[in-house]
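One structure below.
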Amino acid sequence: MSQTGFVQVKNLCKYYPVPKKKFWEKKSYVRAVEHVSFSIKKGETFGLVGESGCGKSTTGFMINGLLKPTSGEINLDSKDIQSIKEKEIREKMQFVFQDPYASLNPKKKIGWILEEPLLIHKKYSKEERQKKVSQMIELVGFDESFKNRYPHELSGGQRQRVGIARALMLSPEFIIADEPVSALDVSVQAQILNLLKELQSKFNLTYLFISHDLNVVHYMCDRIGVMYLGKIVEQGAVEEIYKNPQHPYTKLLLSSIPSKDINFDENQFFSKEEISIEDHKGGCTFYPRCPYGMEKCKNILPKIKEIEKEHLIACHLY
Ligand SMILES: Nc1ncnc2c1ncn2[C@@H]1O[C@H](COP(=O)(O)OP(=O)(O)OP(=O)(O)O)[C@@H](O)[C@H]1O
Ligand SMILES: [Mg+2]
């Protein structure tokens, strides 16, 4: 990576132990995230995209500190997050969830929900806190009366606005948004995405944006990492990857966008149902589905190569 990022992830791995069915069975693991590395520049949006179960959320949870990595390194503003106190991490980095309802206390009014992070972090006087809450309420598009509403009195889109407002109360510099609009109607999705963009330029926020929705990722991100079964197979500027995908999996993934004119036949790929994950035996995880698979793809893990500036790919074809 040519430029030091504000957020840097190096060789991140998470293996979940699989419960043994019989006591003599060997201990096995789900390799949810394997050797994932990327860096996010200050003020940009880096996207993680890939189909369900590829390890996007696990990556986000590890960076956020909610999940301990099996191995690897996470640096925030050039400091290893393991060496930063929890309180300081929360003041720098926050999370926006897919379902804000689950994280909003149903018994508390919106005003309290927004004030709470300031209380926990012992920030400001009572008057100043109230002023901050009012400012934030306005910033996310509400009027003062919303302070006295309860979460169940809000629509899904309004609740997500509260989720975003709460995430911003401590003035963090970095936000991890995990599928922030996938639970919302399409008409509301654009409003929330635009709000995230507005807030980003106002506060120079850095985003890690996680989504399986290719159109949303295209709209939001500057650079992306395409994940397949725990690994980033291709990484680069979103425009370049969408115009000129190189990895066979990226081509397959992008071919599902109706407006996309990618010149290849997706029927030549093997479907997930036809293959066993065990088929790759230490080689490329996409090998079992790949129509271009060669002998070495079966056994040798492809190294990550930079095929053009900041365009990385892990595939033996390159
Ligand atoms: N707590 C856990 N214990 C065991 N396996 C887990 C656990 N959490 C996730 N996994 C597995 O790890 C892999 C990655 O899951 P993860 O939730 O990170 O994927 P994702 O890309 O976010 O998927 P989605 O798009 O469905 O949200 C999956 O195979 C999943 O089943
Ligand atoms: Mg997820």
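Note that ligands are numbered from 1 as they come in the structure, with each ligand's atoms numbered from 1 the same way. No experiment lies behind these values; they were computed from the predicted model shown.
- Judged by the 6.0 Å distance and 45° axis criteria, Lys298 is not positioned over the aromatic ring of Tyr287.
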N/O contact list for ligand 1, threshold under 3.5 Å:
| from | atom 1 | to | atom 2 | distance (Å) |
| --- | --- | --- | --- | --- |
| ligand 1 | 8 (N) | Tyr16 | OH | 3.4 |
| ligand 1 | 18 (O) | Thr58 | N | 2.9 |
| ligand 1 | 18 (O) | Thr58 | OG1 | 2.5 |
| ligand 1 | 19 (O) | Gly55 | N | 3.3 |
| ligand 1 | 21 (O) | Cys54 | N | 3.2 |
| ligand 1 | 21 (O) | Gly55 | N | 3.0 |
| ligand 1 | 21 (O) | Lys56 | N | 3.0 |
| ligand 1 | 21 (O) | Lys56 | NZ | 2.9 |
| ligand 1 | 22 (O) | Ser57 | N | 2.9 |
| ligand 1 | 22 (O) | Ser57 | OG | 2.8 |
| ligand 1 | 23 (O) | Gly53 | N | 2.8 |
| ligand 1 | 25 (O) | Lys56 | NZ | 2.8 |
| ligand 1 | 26 (O) | Ser52 | OG | 2.5 |

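- Side chains of Tyr207 and Gln200: a donor-acceptor N/O pair is absent below 3.5 angstrom, by distance only.
- Under 3.5 Å, the side chains of Tyr15 and Glu34 contain a donor-acceptor pair of N or O atoms.
- Cation-pi contact between Arg149 and Phe146: present, with separation from the ring centre below 6.0 Å and deviation from the ring axis of at most 45°.
- Among the atoms of Ser52, none of the N, O or S atoms falls under 2.8 Å from the Mg ion (ligand 2).
- If you check the side chains of Asp185 and Ser187, you find no donor sitting under 3.5 Å from an acceptor.
- In this structure, Tyr249 and His247 have perpendicular ring planes: the angle between them is above 60°, well past the 30° mark.
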